[in-house]
Amino acid sequence: MSPLVSGYVTKSRVVRSEWAKLWSLRSTWYTMAASVASAYLFAGVVGIAVKFGDAEKIQMDAVLVSFAGLNVAQILVPVLGIMMMTSEHSTGTIRSTFSAVPKRLWVLWAKAMALVMAVFPVFLVVAFTVFPLAQVFLSGSHLEASLGDPGAKRAVLGATVSLTLLGVLGLGLGALLRSTPLAIGQFVVVLTVLPQAMSLLPYGWAKVASGYMPLKASESLMSAKPDLGHAPPREALVALTVWAVTSLTVSGIALTRRDA
């Protein structure tokens with residue numbers, strides 16, 4: 001049996017299997033649909049609110065304002081990553097998965113690859129179309145911007161990359177904690193509560209460090225000119241990559257050392 005397994009279970013086949021499993025879940029379709037729909041919906045809502053409101057009060061990066069609709073995706077995409085692992089643990093099918101693929105790290109990395117292949121192209125298209133949609137309403141205000149502006153194209157690509165890395169971070173948390181509510185709760189704490197708490201501390205290092213937390217780093221990547229309190233885009237990319245890789249590494253170690 002051992003030679004048969006080693007001969008027929010390959011990395012590419014494991015990736016294809018995880019890709020098929022990902023799109024066989026209704027939660028995947030619901031989550032992706034909600035993320036994409038909210039991106040366009042809120043881009044229009046925010047644009048209209050700014051156009052007919054007091055736009056001068058908004059002192060934010062124009063590109064980041066255009067991506068206001070992606071705020072929901074910053075939560076939903078990581079939840080999708082979390083559920084890729086926790087759904088199998090909750091149903092017990094993870095045991096079958098590990099029986100078919102004894103090398104557990106292959107499963108984790110295959111899930112990460114499937115998630116990246118699903119999220120990156122979808123949100124690359126979304127980012128490049130949401131931006132001009134929002135600008136239809138923001139034109140003529142101080143928040144008007146175009147893809148030709150310095151840093152705009154980098155911000156559009158950065159939005160896609162940041163959402164992809166946040167999804168991988170969620171996947172790692174799901175693999176580590178194996179519980180959907182627990183993993184989502186911890187993610188929300190890391191994403192929102194912890195950075196806010198750090199920014200309130202009366203220490204300079206805490207305020208600087210808060211700019212390297214996942215949400216702040218994601219916002220920096222989505223901005224043409226990041227505001228104060230945010231890390232520079234290159235450093236934000238490194239920080240968010242470290243968060244995602246660390247999440248996968250720790251969860252990978254846990255997978256190999258405990259029962260399914």
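Only this structure's heavy atoms are used, side chains among them; waters, hydrogens and symmetry mates stay out.
For the residue pair Ser162 and Ala159, the shortest heavy atom distance occurs at OG-O, 2.9 Å. For the pair Leu169 and Ser247, the tightest heavy-atom approach, listed with the atom from each and the gap, is O-OG, 3.0 Å. The shortest non-hydrogen separation linking Val63 to Ala224 is CG2-CB, 3.7 Å. Shown here for Leu240 and Ala217, the closest heavy-atom pair between the two residues is CB-CB, 4.3 Å. Closest of all the heavy-atom pairs between Lys111 and Met85 is CD-SD, 3.2 Å. Between Leu176 and Ser251, the shortest heavy-atom contact is N-CB, 3.8 Å.
Note: Met222 CE to Arg154 CZ = 11.5 Å, rounded to the nearest 0.5 Å. Going from atom CG of Leu165 over to atom CG of Leu237 covers 7.0 Å, rounded to the nearest 0.5 Å. Taken to the nearest 0.5 Å, the CH2 atom of Trp29 stands 9.5 Å off from the CG atom of Leu22. Put simply, OG on Ser146 and NZ on Lys153 are 9.0 Å apart, with the number rounded to the nearest 0.5 Å. To the nearest 0.5 Å, atom OG1 of residue Thr256 and atom CZ of residue Arg104 are 8.0 Å apart.
Applying the side-chain contact (heavy atoms from CB on, under 4.5 Å) criterion to Ala33, with sequence neighbours excluded, gives no partner residue. Not counting sequence neighbours, the partners of Arg16 by the side-chain contact (heavy atoms from CB on, under 4.5 Å) test are Ser12, Arg13. Scanning for side chain to side chain donor-acceptor pair (under 3.5 Å) contacts around Glu235 gives Tyr212, with sequence neighbours left out. The side-chain contact (heavy atoms from CB on, under 4.5 Å) test applied to Ser96 returns no partner, not counting sequence neighbours. Applying the side chain to side chain donor-acceptor pair (under 3.5 Å) criterion to Thr93, with sequence neighbours excluded, gives Thr91. Applying the side-chain contact (heavy atoms from CB on, under 4.5 Å) test to Val45 and every residue at least two apart in sequence or in another chain returns Leu41.
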Name each donor-acceptor pair under 3.5 Å that joins a side chain in residues 114-131 to protein atoms two or more places apart or in another chain, with its distance.
{"from": "Thr129", "atom 1": "OG1", "to": "Tyr40", "atom 2": "OH", "distance (Å)": "2.5"}
{"from": "Thr129", "atom 1": "OG1", "to": "Val125", "atom 2": "O", "distance (Å)": "2.8"}
{"from": "Thr129", "atom 1": "OG1", "to": "Val126", "atom 2": "O", "distance (Å)": "3.0"}

Between side-chain atoms of residues 65-83 and protein atoms elsewhere (two or more places apart, or another chain), which donor-acceptor pairs fall under 3.5 Å?
{"from": "Ser66", "atom 1": "OG", "to": "Ala62", "atom 2": "O", "distance (Å)": "3.0"}
{"from": "Ser66", "atom 1": "OG", "to": "Gln135", "atom 2": "NE2", "distance (Å)": "2.8"}
{"from": "Asn71", "atom 1": "ND2", "to": "Ala68", "atom 2": "O", "distance (Å)": "3.3"}
{"from": "Gln74", "atom 1": "NE2", "to": "Ser218", "atom 2": "OG", "distance (Å)": "2.8"}

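Using a 4.5 Å cut-off between side-chain heavy atoms of Ile, Leu, Val, Met, Phe, Trp and Tyr, with links allowed through other members, Leu173 and Val188 fall into the same hydrophobic cluster.
The salt bridge (Lys or Arg N to Asp or Glu O under 4.0 Å) contacts involving residues 27-50 comprise nothing, where partners must be two or more places apart or lie in separate chains. Residue pairs that meet the side-chain hydrogen bond (donor to acceptor under 3.5 Å, both in side chains) test with at least one member in residues 19-28, sequence neighbours left out, are Glu18-Lys21, Lys21-Glu88, Lys21-Thr97. Within the structure, the salt bridge (Lys or Arg N to Asp or Glu O under 4.0 Å) test picks out no pair touching residues 189-200 (sequence neighbours left out).
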| Test side-chain contact (heavy atoms from CB on, under 4.5 Å) applied to Trp109 and Val14, step by step | CA-CA 9 Å; Trp109 286 104; Val14 177; over 6 Å; no

| Going through the distances and angles, do Leu25 and Ser87 end up as a side-chain contact (heavy atoms from CB on, under 4.5 Å)? | CA-CA 9 Å; Leu25 298 172; Ser87 61; 4.2 Å; yes

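Distance alone, capped at 3.5 Å, is enough to place a donor-acceptor pair between the Ser220 side chain and the Ala231 backbone.
Using a 4.5 Å cut-off between side-chain heavy atoms of Ile, Leu, Val, Met, Phe, Trp and Tyr, Val238 falls into a hydrophobic cluster with Val242.
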